[in-house]
Amino acid sequence: MRDLLRGLTLAQREAVEHVDGPLLILAGPGSGKTRVVTHRIAHLIGQGIPPAQILGLTFTNKAADEMRSRVELLAPGRPVRLSTFHRFCARLLREYAPLVGLRENYTIYDTSDSLQALKRTIDDLGVDATHFTPGQIAAAISTAKNKLVTADQYVPRAGGPLPSIVARVYPVYQSRLLSASAVDFDDLLVHVAVLLRDNPEVRAELDARNRYVLVDEYQDTNLAQYMIVRGLSVDYPNLAVTGDPDQSIYGWRGANLNNILDFEKDYPGVRVVRLEQNYRSTKRILSVAARLIANNRRRKAKDLFTDNAEGAPVRFHQHASEKSEADTIVAGIAEAIRAGRRRPRDFAVFYRTNALSRALEFALREHGLPYQIVNGVEFYQRKEIKDILAYLLLINNPRDDVAFLRVINTPHRGIGRTTVQRLMRHATQYGTTLLEAARESGLVEDLPKKTAVTVARFVAMFDRLNAVATGPVEEILGHVLSETKYREPLVQSESEEDQERLANIEELLTAARQFDERHAGDAHLAEFLEEACLVNDTDAWDTEIDRVTLMTLHASKGLEFPVVHVIALEEGLIPHERSRNQPDELEEERRLLFVGFTRAQEELHLSLARYREFRGQRKMTVPSQFLLELPTDELETTTEAWVEPVGAALAESTESGYPSAWDMDDSAVDASPELDADRAPRGRRPVGPAWQATPLKTAAEMLLGPATAAADVMAEALAPVPEISPDDFALGMLVRHPEYGLGKIMALSGSGPRRTATIAFAAIGGQKKFILRQSALRPARR
DNA sequence: CGTAATGAAATTTTT
DNA sequence: TTTCATTACG
């Protein structure tokens, strides 16, 4: 007990010792929030509260797992329930499925599954959706669900044709989900919120069962989550939420900042604890971050402070191009590592959109630095995994039409589009599921005998699977693989991609085995599937790996790094052009940057490029308006000599319409200088007098500014370091890898960006596969 | 029925 | 530039 409080500040202690009644912990970045929450749980247990009455809700599995293990250290052997909102709801729904019109073996559709289902509804309804993508309609439905607007309540407000389309599609989509006994991610929350709202006795029971509820990242809750939490805290309002309005960056996913801003109104008598001391960053980093966020209106003002060192100044670099931006950053990283000051894992580079990682990847590879990008293709999203899981899903829930459609012709068994369409028509006509329709293939209209037999054969195969679908999940998976012969074409194939697939399937089998071991004896297929659907790959992101980390600003939340680079601080990127109009969205962009800044422990570097290649087009950029909000006297600015615009302004290039902060330093905005004389006058750019007035003789003539720096820029432009292309590799070639050393190419497959190689390495005495474009492999020169 | 070719669109994405 | 989805062919 005494131990629990040791080393805590007064504020932290106040939060930890709070037992009954509502509690709001406003936790600034790096304020030891997780520590406080876990200590508080341990304290509650210490006060004699049964762990079973304590429920902790997070947004990510990672956060839940981390808390779980930390609570385990503080209160060994007293497990409390810590899970994500979605998983908690999934469990609850299993228990109360009939109350919301589901079966207990219901299926959870992931985003792509629900999009499939939505597309089918759109097709079936014959809605003219030429002006909207299914994705847009899906987003609109999702938004409605996040606001707890159910299908029957949805009324198209004035405001364009999209709402009226949604009004037609949403109810049908929803009833389709229901008849397939399926839910999408949003439904998990909506169903539970509705369940609590419409069933007072159930609500009361759950309220009593979950007497102490803790919610992490409360600023990111949407209305559905808010209602769930509310429903669980009526009779026992021992609700503790932690959050930081300044770190709310998921408004676009329905998060409602008012949930935290109005918490004190919602729960009278709340105790508010502010954790404002930061243990993560230097004074300078914190002060820059604080200055930035002070520009937001919708927030709870707070005073961030730290006892940490003053630290190095925050640096701001202006680069000529995205390439030199990347090169400079990577060179700096490489140098610090070479000098032994840092390790690769000390560095992180954040950007607004994924596309911005490209130049960095190139530079990192050029320098031979190991890196990892957070956000690869998620394991459970891979085709082969989804294919095989679909069999399990269909076994678990035979009404799952999405699973059926995935499975019916995978692997190819000659059941094509038209056949499937006929089955669908039949199913709609007779109000049955697709599997039932397939079962009656002989009766399906227009279905040739031969095809009907093929379909019947599929159903027979499925029934055989179904019959043996008891026992360990790994075993079931084994049956699926042998019955479907899924692996056969892959084994035959030489392609590296297919080999990769085989490896992934093995991984799935391993995951199944581990699941079986964890649930010795009572392993349930449904639970395995739930886990598979609600798991995300970023959960597996490993901080221990010694690599430079690249990720979006969003992905950086909750993490910290000694050295942080935030790149591309340009108008249109951050703030993103899509959020330019709404003031609320602008504030969210500012928060996003704030989150990025406050990840840094020792060094923070900001940068932009004056010219950036965007979707194949070279464009002049405008510095982010957020830069103007930073304390210039605290920043250390370096400006790379850039290529000064040639000739007079060409109106077209100012089309971006952004207020140009460059204008403040006199230079006229101009067309991007093309260093390749051949290319310059082409494209959509009008060949105006400016171009004729300055004939493009040599690149040197286009360069102004300090001679030496200009020369560098020129050198860069004229003699780009030769890239290693995937096509530079040949069979039998000797190559070098920074980690594995010298190796020989044993096999090659694929082409272009997908070209992969199998390399035998002498040093490790084994073979490894690489996607060449992403690998650090280089031809070894003797 | 399956594949290759063309064309439009392209934030962020805890589950 | 890249990625997808739809369409046109074999």
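The structure presented is a predicted model; accordingly, all values stated were derived computationally and were not measured. In the text below, chain A, chain B and the rest are named by the order of the sequence lines, each starting its count at 1. Any value given below was found using the heavy atoms of this structure, including those in side chains, with hydrogens, waters and symmetry copies removed.
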Can you spot which of A/Asn222, A/Asp186, A/Asp187 makes a side chain to side chain donor-acceptor pair (under 3.5 Å) with A/Lys145? A/Asp187
Identify which nucleotide among B/dT15, B/dC1, B/dT12 has an atom closest to any side-chain atom of A/Thr418, counting heavy atoms from C-beta outward. B/dC1
Can a side chain N or O of A/Asn354 be found less than 4.0 Å away from OP1 or OP2 on B/dT13? yes
Nearest of B/dT15, C/dT2, B/dT13 to any side-chain atom of A/Thr84? B/dT15
Write down the distance between CG (A/Asn146) and C1' (B/dT13), rounded to a whole number of angstrom. 12 Å
Check A/Glu66 with A/Arg70, please: is the shortest side-chain N to carboxylate O separation under 4.0 Å? yes
Identify whether a stacking contact exists between A/His576 and B/dT11, where the ring centres must be under 5.5 Å apart and the planes under 30° apart. yes
Please check the phosphate of B/dT11 (OP1 and OP2 only) for any side-chain N or O of A/Arg253 closer than 4.0 Å. no
Taking atom P of B/dT13 as reference, at what distance in whole Å does atom CE of A/Met551 sit? 11 Å
For a quick test of reading the model: is some side-chain N or O of A/Thr552 closer than 4.0 Å to OP1 or OP2 of B/dT13? yes
Mind checking A/Ile415 for me? I need base, sugar-phosphate or nothing, with any heavy atom below 4.0 Å counting as a touch. sugar-phosphate
Would you please confirm or rule out a distance under 4.0 Å between OP1 or OP2 of B/dT11 and any side-chain N or O of A/Arg615? yes
Heavy-atom closest contact (A/Ala437 atom, A/Val444 atom, distance): O-CG2, 3.8 Å
Any residue in residues 406-413 of chain A with a heavy atom nearer than 4.0 angstrom to DNA chain B? Just list them by number, or reply none. A/Asn409, A/His412
Nucleotide B/dT15, atom P - distance to CG of A/Asp186 in whole Å: 14 Å
Out of B/dT11, C/dT7, B/dT14, which has the shortest distance to the side chain of A/Thr60? B/dT14
Inspect the contact between A/Arg352 and A/Glu589 and indicate whether a charged nitrogen and a carboxylate oxygen are less than 4.0 angstrom apart. yes
Interatomic distance, A/Arg578 CZ vs B/dT13 P [rounded to whole Å]: 14 Å
Whole-Å distance separating the CZ atom of A/Arg358 from the P atom of C/dT3: 8 Å
Listed nucleotide nearest any side-chain atom of A/Tyr250, set B/dC1, B/dT11, B/dT14: B/dT14
Starting at CZ of A/Phe85 and ending at P of B/dT13, how long is that distance when rounded to a whole Å? 21 Å
When rounded to whole Å, the CG to C1' distance for the pair A/Leu447 and B/dC1 reads 14 Å
Which whole number of Å gives the distance between the P atom of B/dT13 and that of C/dC4? 15 Å
Looking at A/Glu577 and A/Arg580, is there a salt bridge between them, counting it only when a charged N and a carboxylate O are closer than 4.0 Å? no
Of A/Lys557 and A/Ser579, the one whose closest DNA chain B nucleotide lies more 5': A/Ser579
Quiz item: cation-pi between A/Arg591 and A/Phe594, 6.0 Å / 45°: no
Suppose you measure atom P in B/dT12 against the same atom in C/dA5; what distance do you get, rounded to whole Å? 16 Å
Can A/Arg590 and A/Asp246 be said to form a salt bridge (Lys or Arg N to Asp or Glu O under 4.0 Å), step by step? CA-CA 9 Å; A/Arg590 196 179 278 116; A/Asp246 292 337; over 6 Å; no
Select one nucleotide: of C/dT7, B/dT15, B/dT13, the one nearest the side-chain heavy atoms of A/Trp252. B/dT13
Specify the separation, in whole Å, of atom CZ of A/Arg91 and atom P of B/dT15. 15 Å
For A/Lys557, is there an ion pair with A/Glu217 - N to carboxylate O distance below 4.0 angstrom? yes
Any side-chain N or O of A/Thr419 less than 4.0 Å from the OP1 or OP2 oxygen of B/dC1? yes
